[in-house]
Protein chains: 2
Amino acid sequence: MQKDTGTEQLILRNAEQIFYLRGFDGARMQEIADRSGINKALVHYYYRSKARLFDAVFVAALQRLLPPLVGVLNSEMALEKKIDAFVEAYFSMVSSHPFMPGFVIQEMHRNPAVFRKFAGESGLLDLGKLNRQLEAGVAEGRYRNIAVEQFVINLLAFCAFPFIARQAIQAFGAFDDKRFEQILDERRSSIPGWMAEMLGPGALPEKRQTSRGAEQP
Amino acid sequence: MQKDTGTEQLILRNAEQIFYLRGFDGARMQEIADRSGINKALVHYYYRSKARLFDAVFVAALQRLLPPLVGVLNSEMALEKKIDAFVEAYFSMVSSHPFMPGFVIQEMHRNPAVFRKFAGESGLLDLGKLNRQLEAGVAEGRYRNIAVEQFVINLLAFCAFPFIARQAIQAFGAFDDKRFEQILDERRSSIPGWMAEMLGPGALPEKRQTSRGAEQP
DNA sequence: TTTTATGTTAACCTTGTGGTTAAACCAAGC
DNA sequence: GCTTGGTTTAACCACAAGGTTAACATAAAA
């Protein structure tokens with residue numbers, strides 16, 4: 001009785017593309033249907049309304065984006081290892097879904113409530129544990145003092161900002177796509193070093209960066 | 001003959017608010033008219049179309065946002081002073097127009113061309129000069145080596161990211177508005193120190209930060 | 001006072017859009 | 001063969017949204 005030709009998934013995949021490109025308000029149900037090669041009514045058959053379809057897309061995006069990152073930050077790794085792992089997780093995630101950062105930021109601005117709800121459900125970030133790691137480092141004289149909140153914001157800013165502001169950066173620096181990818185690669189290997197330098201002179205001594213090109217684990 | 005009751009400016013001001021809240025696609029000409037207390041046709045009388053009105057808003061926003069920042073970076077100040085001035089300029093600009101960062105990012109994503117055009121017109125950022133300052137510092141052994149592009153991206157990321165991602169940060173950290181403002185204040189005074197630490201052990205020795213609270217010039 | 005150019009409005013037009021409906025399609029079970 | 005139930009479509013609907021028009025208001029110029 002059930003044909004299950006994967007239409008539902010097909011719609012979701014195409015909806016993701018359209019919603020990314022145009023945002024919720026700019027997206028058209030017709031375009032999603034066209035791109036999926038089906039009738040518009042069929043989209044409504046599976047996802048009752050535009051809002052529900054968007055929710056499905058948004059939740060799917062967040063579920064792909066957040067758990068790996070939160071997982072790393074909540075893990076038992078040493079702080080230096082954590083930074084490495086976080087950067088690696090972020091860049092690899094974004095390289096397969098380059099639209100995600102901009103999309104999430106954009107739509108979160110349009111509808112903060114949805115995000116707040118999701119943030120509550122999916123295991124909250126454990127700032128307490130990170131804080132203990134930072135304080136331990138300070139006690140041992142390895143780190144300068146820095147508030148956990150600022151630490152996390154800085155790490156995230158380093159990773160996410162270039163993707164979010166890509167258009168602006170490219171326009172202003174007159175970077176073509178190839179050059180920008182280069183810059184991103186450079187960041188991927190440089191961020192851990194920058195974070196270490198920010199934390200203090202004792203951090204990550206084996207990875208101290210003094211040259212432009214940078215090593216990678 | 002000309003009455004000039006300031007209607008044109010009135011429309012622009014209200015359009016800014018609406019476009020910020022809803023983005024281009026989400027904004028309604030009717031809502032802009034309503035908020036301005038005038039007829040919808042009058043909006044079209046002054047600004048022929050939604051697109052033109054939006055352009056006016058966008059250009060006005062960029063003209064308020066960019067010149068002060070580019071001005072600082074292109075100036076003759078010493079690098080440490082430049083960082084201070086940039087942070088100060090950014091935070092003071094944003095504190096009077098908190099919507100701007102998110103708005104610019106969002107709409108630049110929707111229409112990169114407009115931004116590219118504007119970036120070309122309004123005096124481009126002079127990376128060459130900044131680069132010379134960085135290289136001079138390296139030659140004197142005061143700075144570690146860092147690519148200009150990365151330096152600028154990092155500075156901008158430090159300043160802009162919290163405003164752009166505010167909703168996400170607040171949702172995840174469960175920060176209320178008051179706490180978030182606190183965090184922003186803390187950043188405003190901490191960023192120069194972080195940038196200095198990133199640049200190298202010799203930078204900004206008189207401002208090296210070792211405590212959570214930080215001084216302000 | 002009449003003219004004239006600018007401001008302003010109510011009413012209207014056209015198109016696009018999210019959403020619905022009723023009918024057709026089609027594979028499996030009887 | 002015929003029913004059955006999920007799947008798919010063409011046609012349709014209501015209404016919202018951008019934009020236009022023609023008339024009206026008003027203050028300065030003639």
Side-chain angles (χ1 to χ4, degrees), chain A residues 1-61 103 106-111 113-114, chain B residues 1-61 103 106-111 113-114:
Chain A
M1 267 165 232
Q2 32 107 20
K3 273 200 269 184
D4 187 22
T5 43
T7 310
E8 194 168 348
Q9 284 299 313
L10 180 77
I11 295 171
L12 193 71
R13 278 208 318 277
N14 290 101
E16 272 173 9
Q17 311 258 355
I18 301 292
F19 277 130
Y20 155 57
L21 275 170
R22 317 227 184 283
F24 179 83
D25 291 313
R28 300 291 162 234
M29 294 299 269
Q30 187 62 57
E31 194 179 1
I32 292 170
D34 288 349
R35 176 180 270 248
S36 307
I38 56 172
N39 189 288
K40 190 184 55 162
L42 195 53
V43 180
H44 280 90
Y45 174 75
Y46 283 106
Y47 304 86
R48 299 268 304 264
S49 67
K50 187 182 182 183
R52 276 169 185 258
L53 175 55
F54 179 81
D55 267 14
V57 169
F58 196 61
V59 166
F103 173 65
Q106 181 178 355
E107 297 305 324
M108 183 196 49
H109 167 82
R110 202 184 58 85
N111 182 4
V114 170
Chain B
M1 268 166 231
Q2 31 107 23
K3 273 199 272 184
D4 186 22
T5 42
T7 310
E8 194 167 349
Q9 284 299 314
L10 180 78
I11 294 171
L12 193 71
R13 277 209 317 278
N14 290 303
E16 271 172 9
Q17 311 258 356
I18 301 292
F19 278 129
Y20 155 58
L21 275 169
R22 317 227 184 282
F24 179 83
D25 292 313
R28 303 289 161 231
M29 295 297 271
Q30 187 62 56
E31 192 178 2
I32 292 170
D34 290 348
R35 176 179 271 246
S36 306
I38 58 173
N39 189 289
K40 189 183 54 158
L42 195 53
V43 180
H44 281 91
Y45 174 77
Y46 283 107
Y47 304 86
R48 299 267 303 266
S49 66
K50 187 183 182 182
R52 276 169 185 261
L53 175 55
F54 178 81
D55 268 14
V57 169
F58 196 60
V59 166
F103 174 66
Q106 181 178 355
E107 297 304 324
M108 184 196 49
H109 167 83
R110 203 183 56 86
N111 183 4
V114 170

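Letters A, B, ... are given to chains in the order of the sequence lines, protein chains preceding strands, and every chain is numbered from 1.
Here the closest non-hydrogen pair linking A:Ile18 and A:Arg28 is CG2-N, 4.4 Å. Taking both residues in full, the closest heavy atoms of B:Glu16 and B:Ala60 are given as OE2-CB, 4.1 Å, listed atom of the first, atom of the second, then distance.
Residues passing the side chain to side chain contact (heavy atoms under 4.5 Å, CB included) test with A:Arg48, sequence neighbours excluded: A:Arg52. In this structure, the side chain to side chain contact (heavy atoms under 4.5 Å, CB included) partners of A:Phe58, at least two apart in sequence or on a different chain, are A:Phe54, A:Leu62, A:Phe103, A:Glu107, A:Val114, A:Phe115.
For A:Glu8 and D:dT7, the CD to P distance is 9 Å, given to the nearest whole Å. Rounded to an integer number of Å, the gap from CD1 of A:Ile38 to C1' of D:dA10 is 14 Å. Note: CD1 (A:Ile11) to C1' (D:dT8) measures 11 Å, nearest angstrom. At whole-Å resolution of the value, CG in B:Asn39 and P in D:dA25 are 15 Å apart. The distance from atom CG of B:Leu42 to atom C1' of D:dT21 is 15 Å, rounded to the nearest whole Å. Between B:Lys40 atom NZ and D:dT20 atom P the separation is 11 Å, expressed in whole Å.
Of the residues near DNA chain D, A:Ala41 and A:Tyr45, the one whose nearest nucleotide (by heavy atom distance) lies more toward the 5' end is A:Tyr45.
One finds a side-chain N or O of A:Tyr46 lying less than 4.0 angstrom from the OP1 or OP2 phosphate oxygen of D:dT8. Applying the 4.0 Å criterion to OP1 and OP2 of D:dT7, one finds that A:Thr7 has every side-chain N and O outside that range.
The environment of B:Gln30 atom CD is dense: over 12 non-hydrogen atoms of other residues, nucleotides or ligands sit within 6.0 angstrom.
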Assess whether side-chain contact (heavy atoms from CB on, under 4.5 Å) is satisfied between B:Met29 and B:His44, documenting all intermediate values. CA-CA 9 Å; B:Met29 295 297 271; B:His44 281 91; 3.7 Å; yes
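Closest approach to the B:His44 side chain among D:dG19, C:dT20, C:dG7 is made by D:dG19 (side chain taken as heavy atoms from C-beta onward).
Residue side chain A:Lys50 does not reach the base of C:dG19 through any donor-acceptor N/O pair under 3.5 Å, judged by distance alone.
For the segment residues 16-36 of chain B, residues with any heavy atom less than 4.0 angstrom from an atom of DNA chain D are, sorted by number, B:Ala27, B:Arg28, B:Met29.
Distance alone, capped at 3.5 Å, places no donor-acceptor pair between the B:Tyr47 side chain and the B:Ile11 backbone.
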